[in-house]
Amino acid sequence: MSPPRLTGTLRSFSTVSKQEDLTQDIYDLKSKRLKRQEIFAQDGLTWQKIVQFFTQHLEKKDQPAATHELKNILQAAKQIVGTDYGQDTIESAGGFLFKIFHNKDQIGHEETRAIKQMFGPFPASAAELSYAAVGRLVAQIGQSQVDAFIQTQSSLKTVNRSSIFGRNIAFSFDTYVLDAQDPVPRSEGTDTEQDMDFHSFLNNHVGERKARGDRDDAYSAEELEQRNADSSILRQEVEKYLNEGNMLSSSAEELSTSLFEMLASTKSDDELQNELFELLGPQGFEMISKLLQRRSDIVDSLVSIQLDSRPHFNSGELSNESAKPTYGCQVTIQSEQEKHMMKIYRKEEKKERKREKRGDEGDTCENAFHFDPKELRLQREQALLTARRSPVLGRHREYERIRYPHVYDSYTEAIKTSAFVGGAKMLLPEGIRRENNKMYEEVEIPPNEPMPIGFEEKPVYISELDEIGQLVFKGMKRLNRIQSIVFETAYNTNENLLICAPTGAGKTNIAMLTIIHEIRQHLQPGGVIRKDQFKIIYVAPMKALAAEMTNYFSKRLEPLGIAVKELTGDMQLTKGEILRTQMLVTTPEKWDVVTRKSVGDVALSQIVRLLILDEVHLLHEDRGPVLESLVARTLRQVESTQSMIRILGLSATLPNYLDVVSFLHVNPCIGLFYFDGRFRPVPLGQSFVGIKTTNKVQQLHDMEEVCYEKVLKQIRGGHQVMVFVHARNSTVRTAMSLIEMAKNRGELSFFQVDQGPDYGQCEKQVQRSRNKQMREMFPDSFGIHHAGMLRQDRTLMENMFSRGYLKVLVCTATLAWGVNLPAHAVIIKGTNIYDAKRGALVDLGILDVMQIFGRAGRPQFDKYGEGTIITTHDKLSHYLTLLTQQNPIESQFQQSLADNLNAEIALGTVTNVDEAVRWLSYTYLYVRMRANPLAYGISHKAYQMDPQLELYRKELVVESGRKLDKARMIRFDERTGYFASTDLGRTASHFYIKYNTIETFNELFNAQKTEADILSIVSKAEEFEQVKVRDEELEELEKLLCNFCELPATGGVENGYGKINILLQTHIGRGEVDSFSLISDLSYVAQNAARIVRALFEIALRKRWPAMTYRLLNLCKVIDKRLWGWAHPLRQFSALPPSVLSRMEERNLTVDKLKDMGKDEIGHMLHHVNIGLKVKQCVHQIPAILMESSIQPITRTVLRVRLSITPDFRWNDQVHGSVGEPWWLWVEDPINDHIYHSEYFLLHKKQVNIHAHLLTRYYISSIIYCWYVCSPCISLMLVVTR
């Protein structure tokens, strides 16, 4: 049995030991907490118990009907609470509805009020459905039996809640080596079992309640008996109170600790009475009375017991209290005053220990303390042995910190006085406020005081800059404080930079300074910029942010004639456009793909002179390996070509910035700039609220309550509020719920806005919107905003909020990323978010939290902003730790090492094992492996033997090489250590396909597969491994299978790959999905499936399978256009109404027929006279070509075929874009099923000459890459003579 992880780490280098006893339970803190949560969740009436009850009490023939009714109740619960919170919440709501309706004859006012109070506004049909289902269930089994069952379950309480982690750990106090004859230096008294929570807390109050001077150690028997009786009163009263069913979420130990803290305080009985009443409620009235009457006796007796029970050592023995681990809560919060008190307390404790060692002055000489040379020698030997066993690079080893000139980090100043949290040092700022009540615990951190301005700090005025700087920063008066500090290094040097600063501190303009510096380097005399000599790459973490940055940089750089373009998955550019562009704004994945391709795009990467990486702390996330790969590739390019590429890293504040500095090759004395929260333009106050209940439905209700309280508090202060939720339909539900609560409490008047002169006009604009909920909420000053709304509606909501006509805007995180719309206060309601990549609900990422909090505070209007995060109690410490930047960011590169190694081999930058080992040294993984080897599976002994980790890196490379070789992506000769890329590996690299997926293709893919088989293979790809089937989705998946699946879906609704297949066919058939998790999964599947099918097309083309290649190219177009192959080609035009398209399909009007018909004839055929012209225009815009060929013999076995291609369609930029239409052309042998030659070209209305080697009769096929049309094909009859 392995010990708990925390103590396991400590145990290696301490005297703490735990006996191996397989009969005992595992005392692991995490599993104990989870188990305790499960026990609390099972308290009272649960859905599982209801299902079990009906299963046991009904005969088999009646059970299907009961199951159907139970499903109806769950369906109603789903309609009421939605699908955003998972199945547990739906089941909990189902149990609540059953309890409400089990003994009711009708849905009365009381029942409606109870449901509305718990869930907010709800559909009446759902209540009626659940009421009818419950009534039929109760009728089946009998009212009396159901009443008895519910009464029994409601009265059940959890027992044995006071078992404490750490109770069964044995401690040994031996600290030096003993001779065989020496006695063991331990006190002869028996060890008393000490409670790790309650009694340790008493120790902290001993110094406050009793003087530490001389004390009489002997009590009379009567006094001892009296003291024991007094001390047990508190425990007895607490247990009695809990057994009556009060305060289910607390154990006896926790409540005893809280009560003792209050009783031991200096407050008067009257003040204490009020506080105790708030804590215990009216049920604890008798207990409060008894505790206050015996207050002094209880406190004195407990303090005395604690003093007496402390173990004492004989005079010559060593006290080794420091070897004992201290157990406490995860987050320790201390004010400056409390820290000062603790310091005094520790000093007093040391004096007390010295007095105990010396003994009383009246003792005999034998008992007096004396120096024993033998004992000192043994202690010195033990110290040397301990030093030999200690690791060279222990995790908590203190280093003397170097003072860097531009690092403003308040945490480093306070490290030695901080508490330990999860292995990292943690200190919360002074002045925090903590509130703890029955419903929630809240930690409120006040805004930081701004950093005092230093003597050397001078603001940089725009008028002082050169001409280019003034043009770019036109309209600005001066740079802000952070920008002024960084100015000299950014604007006048080529140094690599890492800027760590809070969100909203102005990092974008620092990037602009480096851009101007780069432009100035390519400025010729006379003011001409050599635009063809440089490229600037800005890597933004999200597409929404990339679009925003493109707009910002375009406006700023327009006076200089610098072209800025967005290059993401949504915005493709031609090579010509890329050549004409000086700055590209892209995402990490897109730039990785561009730099992975060795043909054509190398020229682009060779002239990159500045690489700006936004949000570098993404290294910690799943996308971190992409950033590592980019930086490693760039640094190796700098070294191999001796070209100058400057790297600028922009990041939020992070604790191990020195590791990131090392990774980016930044000189920390020149290029490192670290600014903590004191530099935020608008100081941020943060509140963390942890909801205590574990019941899912109650949790939802409590979150709504707390959210409303926080919103109302801000509204009363005259501020606007943004409430962030994590699902589109949650925006409406939350807004309606807040409005309902305001109405019920008569507080809706607080939300009314001052109607300005243009309010009427704004109201008309809102009323013209097709969004019903938006129209209903606007009069109450509430608004909603999410990506599912129309663009014009979203813009309208943004304008209304910025004008002040909306007091509360309920939105999703897309608003925080894509639009710069600040508010005085932001509230994050709930931290569970559905992640399609993992197929489960996960915690909201720290990047999103920081981005949302960055929207708090308007620089022009507010002195400070306020950010509140409402989460569950068990996540409270997690977010406190994250938002105080205490967790070092680790590398995630190891898990995608094989794929990144394949990319480097395909690119040709890594050709053997030695080069791969060197390549790994440029990654952040290497930096962190050396700083924290244990976290990456490297023992201290291995690290001491191999400080550069060459052997370990080689081991990683060889292991990855074997995997890739097995998947046929590379050829790896282990004897020589050389790598060689294959077609399969290059395709995987260019299309971002994981090696596990390639292994699946190798196993299942061949030339005979049908479209249904191909969809089945795609569904089994590694990219979709995380997508799981949930019980609540089965019914909807069945409907989708029946309504939208044209091809057989292998696996059905029960399997993950079956679900992928169904969702993919639903996407093609343009089906609507209700469940939020399915919407996310559908979007994820659609994005990835198109890429995987294109990769399969490349593989088939490389394998020269003509039929399969054609089939796959058609399937690519099916997914992209969301149209099945048998649909009419004109369905690709959104301008034509669906009714017209349906008539065309009914009359079998093909594209060729429509081309021959006149516009009037088409109009009459479709019973729509005016539509004829539009249809005719669309028909002539469908890409088509005419092909002519001429044959010329070259040798006896080689012929030249000259192919003349003429466009046969009308070009329309709105339809075809400016890029050109891509086509594939290949020469195939249909008899032998073989492609002899293939070529890809872009059609720009010009003739194309193709050279091909032909041997017998072939077909030349040309297929457009993106459109559904009939593909022209020429048959060549060649006679070969000898």
Side-chain angles (χ1 to χ4, degrees), residues 37-82 85-120 122-159 243-246 248-249 283 693-701 1031-1032 1034-1035:
Q37 273 185 18
E38 284 170 17
I39 291 169
F40 283 149
Q42 288 165 8
D43 267 1
L45 188 68
T46 63
W47 184 254
Q48 286 75 17
K49 288 178 182 174
I50 293 170
V51 173
Q52 193 179 3
F53 171 73
F54 282 101
T55 308
Q56 288 173 353
H57 289 79
L58 284 174
E59 295 179 15
K60 276 196 176 178
K61 61 185 175 72
D62 297 328
Q63 282 181 11
T67 307
H68 177 70
E69 298 304 343
L70 288 167
K71 273 188 182 176
N72 284 342
I73 297 172
L74 281 185
Q75 190 64 34
K78 192 192 285 190
Q79 288 175 31
I80 291 172
V81 299
Y85 305 103
Q87 185 67 7
D88 290 347
T89 310
I90 293 169
E91 289 181 354
S92 187
F96 179 82
L97 292 173
F98 185 85
K99 192 174 178 180
I100 289 278
F101 292 130
H102 78 280
N103 57 357
K104 299 293 186 290
D105 297 329
Q106 60 179 6
I107 305 176
H109 178 69
E110 191 182 329
E111 291 75 38
T112 308
R113 192 163 54 82
I115 298 172
K116 193 175 278 189
Q117 195 174 351
M118 184 59 81
F119 304 110
F122 64 93
S125 58
E128 287 165 9
L129 175 65
S130 59
Y131 168 72
V134 170
R136 287 191 289 268
L137 278 172
V138 172
Q140 275 186 299
I141 211 160
Q143 184 71 53
S144 56
Q145 264 188 294
V146 174
D147 287 346
F149 162 69
I150 286 178
Q151 196 172 352
T152 308
Q153 292 303 326
S154 302
S155 62
L156 284 176
K157 300 296 168 196
T158 309
V159 292
N243 289 336
E244 288 171 1
N246 302 309
L248 290 175
S249 58
Q283 298 87 353
T693 181
T694 52
N695 180 293
K696 295 288 180 184
V697 170
Q698 192 61 41
Q699 216 171 68
L700 270 179
H701 175 257
D1031 292 340
E1032 65 267 28
L1034 290 173
E1035 197 173 329

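Note: hydrogens, waters and symmetry copies are ignored here, and every other heavy atom, side chains too, is used.
Looking at residues two or more places apart in sequence or on another chain, you find a side chain to side chain contact (heavy atoms under 4.5 Å, CB included) between Gln52 and Gln56. In terms of the side chain to side chain contact (heavy atoms under 4.5 Å, CB included) criterion, residue partners of Thr55 (sequence neighbours excluded) are, by chain and number, Val51, Gln63. A search for side-chain hydrogen bond (donor to acceptor under 3.5 Å, both in side chains) contacts involving Gln143 returns Asp147, not counting sequence neighbours. For Phe53, the ring pair (Phe, Tyr, Trp, His ring centres under 6.0 Å) test picks out His57, Phe149, with sequence neighbours left out.
Summarising the geometry of Gly94 relative to Ala77, their closest heavy-atom pair is N-CB, 3.7 Å, with the distance given to 0.1 Å. In terms of heavy-atom proximity, Asn695 sits nearest to Ser92 at OD1-OG, 3.2 Å.
Crowding of Lys104 atom NZ: a count of heavy atoms from other residues, nucleotides or ligands under 6.0 Å exceeding 12.
In this structure, Glu91 and Gln48 have side chains that are in contact, with non-hydrogen atoms separated by less than 4.5 Å. Put simply, the side chain of Leu97 reaches to within 4.5 Å of the side chain of Ile80, judged on heavy atoms. A heavy-atom distance below 4.5 Å is found between the side chains of Phe98 and Ile150.
With rounding to the nearest 0.5 angstrom, the CD1 atom of Ile141 is 4.5 Å from the CG atom of Leu58. Here the CD1-CD1 distance, from Ile90 to Ile73, works out to 14.0 Å after rounding to the nearest 0.5 Å. With rounding to the nearest 0.5 Å, the separation of CZ in Phe54 from OG1 in Thr67 is 10.5 Å.
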List the atom pairs, with distances to 0.1 Å, where a side-chain N or O of residues 124-138 and a protein N or O form a donor-acceptor pair under 3.5 Å, not counting sequence neighbours.
{"residue": "Ser130", "atom": "OG", "partner": "Ala126", "partner atom": "O", "Å": "3.2"}
{"residue": "Ser130", "atom": "OG", "partner": "Ala127", "partner atom": "O", "Å": "2.9"}
{"residue": "Tyr131", "atom": "OH", "partner": "Asp105", "partner atom": "O", "Å": "2.1"}
{"residue": "Tyr131", "atom": "OH", "partner": "Gln106", "partner atom": "N", "Å": "3.1"}
{"residue": "Arg136", "atom": "NE", "partner": "Glu69", "partner atom": "OE1", "Å": "3.2"}
{"residue": "Arg136", "atom": "NE", "partner": "Glu69", "partner atom": "OE2", "Å": "2.8"}
{"residue": "Arg136", "atom": "NH2", "partner": "Glu69", "partner atom": "OE1", "Å": "3.1"}

Steps toward side chain to side chain contact (heavy atoms under 4.5 Å, CB included) verdict (Leu70, Trp47): CA-CA 10 Å; Leu70 288 167; Trp47 184 254; 3.7 Å; yes

